[in-house]
Amino acid sequence: STEGARLSVTSTDLMAAMRFARALKSLWSRQPMLSREQAESLPSFLVPSTLGAPSTVRSSYKFAKPPSPNLDALRKILTERLVPVHFYLRNNLTFTNYVWDTHFIGICCSPKFEGKTHKEINLMVDELADEVGMKGRVRMICQPPSRWHMMKRRTRKRWDFDR
């Protein structure tokens with residue numbers, strides 16, 4: 001019966017298994033196994049990446065942001081007139097990037113909203129957007145500083161990305 005039998009593994013068995021695993025790894029990656037001393041004696045560009053050398057290959061490309069005069073004009077007028085405590089404005093990507101610089105989404109916490117209703121706040125934002133020619137294309141989450149707790153969770157989103 002095999003119920004009472006125990007498997008005894010010694011340290012030499014473990015060391016042999018480790019050597020076998022290293023040999024398989026070197027065969028799989030087709031790189032010769034190097035000791036630490038051998039790797040340190042080689043130039044850094046010849047050291048295999050399996051030793052933990054940092055990779056110099058980027059996983060994604062970064063492109064320059066295309067020109068966005070409407071977004072820049074909206075940011076300028078909203079920050080000058082409303083003097084916000086917290087403010088981000090970016091392109092609304094719900095409409096995809098084919099309509100770049102035409103629809104915007106943002107968040108604004110301004111002391112000028114204090115004591116006003118949501119309709120009055122939205123009317124203020126629409127009037128400022130109309131001065132730039134973007135009326136009806138700006139969606140803003142607006143609150144006064146006294147109601148910061150109502151928008152605090154929404155500020156955790158990464159608003160500063162101009163994708």
Side-chain angles (χ1 to χ4, degrees), residues 18 21-34 36 39-40 42-163:
M18 295 274 290
R22 281 190 204 130
L24 280 180
K25 184 179 177 184
S26 71
L27 287 174
W28 180 260
S29 62
R30 296 184 181 174
Q31 294 175 347
M33 280 190 359
L34 298 174
R36 180 66 65 185
E40 288 173 354
L42 290 174
S44 61
F45 62 90
L46 291 177
V47 177
S49 61
T50 57
L51 293 176
S55 175
T56 57
V57 178
R58 289 182 65 143
S59 61
S60 64
Y61 294 104
K62 287 193 175 184
F63 299 101
K65 183 177 76 104
S68 53
N70 294 331
L71 178 63
D72 297 336
L74 272 171
R75 281 181 179 165
K76 183 179 179 186
I77 198 167
L78 288 171
T79 52
E80 285 176 356
R81 302 272 180 88
L82 297 178
V83 193
V85 178
H86 186 86
F87 173 75
Y88 280 114
L89 185 68
R90 63 179 171 89
N91 282 289
N92 192 351
L93 298 179
T94 310
F95 299 101
T96 71
N97 57 359
Y98 294 107
V99 288
W100 181 261
D101 202 38
T102 53
H103 297 278
F104 308 96
I105 188 168
I107 188 165
C108 183
C109 179
S110 173
K112 298 217 176 174
F113 299 149
E114 210 62 67
K116 297 195 182 329
T117 64
H118 284 292
K119 285 185 179 181
E120 294 170 340
I121 292 171
N122 290 336
L123 186 64
M124 286 175 62
V125 171
D126 275 344
E127 288 172 357
L128 292 174
D130 193 25
E131 289 182 28
V132 182
M134 293 285 121
K135 185 174 183 176
R137 297 181 181 187
V138 181
R139 190 175 141 231
M140 295 280 289
I141 300 164
C142 301
Q143 293 291 349
S146 62
R147 288 187 278 181
W148 168 255
H149 67 281
M150 295 177 75
M151 65 188 297
K152 181 171 48 175
R153 180 176 284 171
R154 293 180 179 175
T155 61
R156 295 182 188 149
K157 186 177 176 182
R158 294 182 175 177
W159 286 97
D160 56 340
F161 286 160
D162 288 327
R163 293 185 240 178

Least distance between heavy atoms, Val132 atom then Ala73 atom
CG1-CB, 3.6 Å
Drop me the distance from Met124's CE to Phe113's CZ, to the nearest 0.5 angstrom.
5.5 Å
Working note: Phe87 + Arg75, criterion side chain to side chain contact (heavy atoms under 4.5 Å, CB included); need CA distance, chi angles, decisive distance, verdict.
CA-CA 9 Å; Phe87 173 75; Arg75 281 181 179 165; 4.2 Å; yes
Got a second to check how far Asp126's CG is from Ile121's CD1, nearest 0.5 Å?
12.5 Å
How close do Val83 and Pro111 get, counting heavy atoms only, and between which atoms?
O-CD, 3.5 Å
Hey, does the side chain of Asn92 reach the backbone of His103 with a donor-acceptor pair shorter than 3.5 angstrom?
no
Smallest separation among heavy atoms of Ser110 and Pro145, with atom names:
O-CD, 3.3 Å
Can you measure from CG (Asn70) to OG1 (Thr102) and round to the nearest 0.5 angstrom?
8.0 Å
Could you measure the distance from the CZ atom of Arg90 to the CD1 atom of Ile107? Nearest 0.5 Å is fine.
10.5 Å
Look at atom CZ of Arg139 and say whether more than 12 heavy atoms of other residues, nucleotides or ligands are closer to it than 6.0 Å.
no
Residue pairs fulfilling ring pair (Phe, Tyr, Trp, His ring centres under 6.0 Å) with at least one residue in residues 121-158, sequence neighbours excluded:
His86-Trp148
For the residue pair Glu114 and Pro144, what are the closest heavy atoms and their distance?
OE1-CB, 3.4 Å
Main-chain N/O of Trp100 paired to Asn91 side chain as donor or acceptor, under 3.5 Å
no
Between Cys108 and Met151 the two heavy atoms that sit nearest each other are O-CE, 3.7 Å
Here the gap from Gln143 atom CD to Arg154 atom CZ, rounded to the nearest 0.5 Å, amounts to 8.0 Å
Could you grab the distance from atom CE of Met140 to atom CG of Leu82, nearest 0.5 Å is fine?
7.0 Å
How close do Lys116 and Arg147 get, heavy atom to heavy atom, and via which atoms?
O-NH2, 3.5 Å
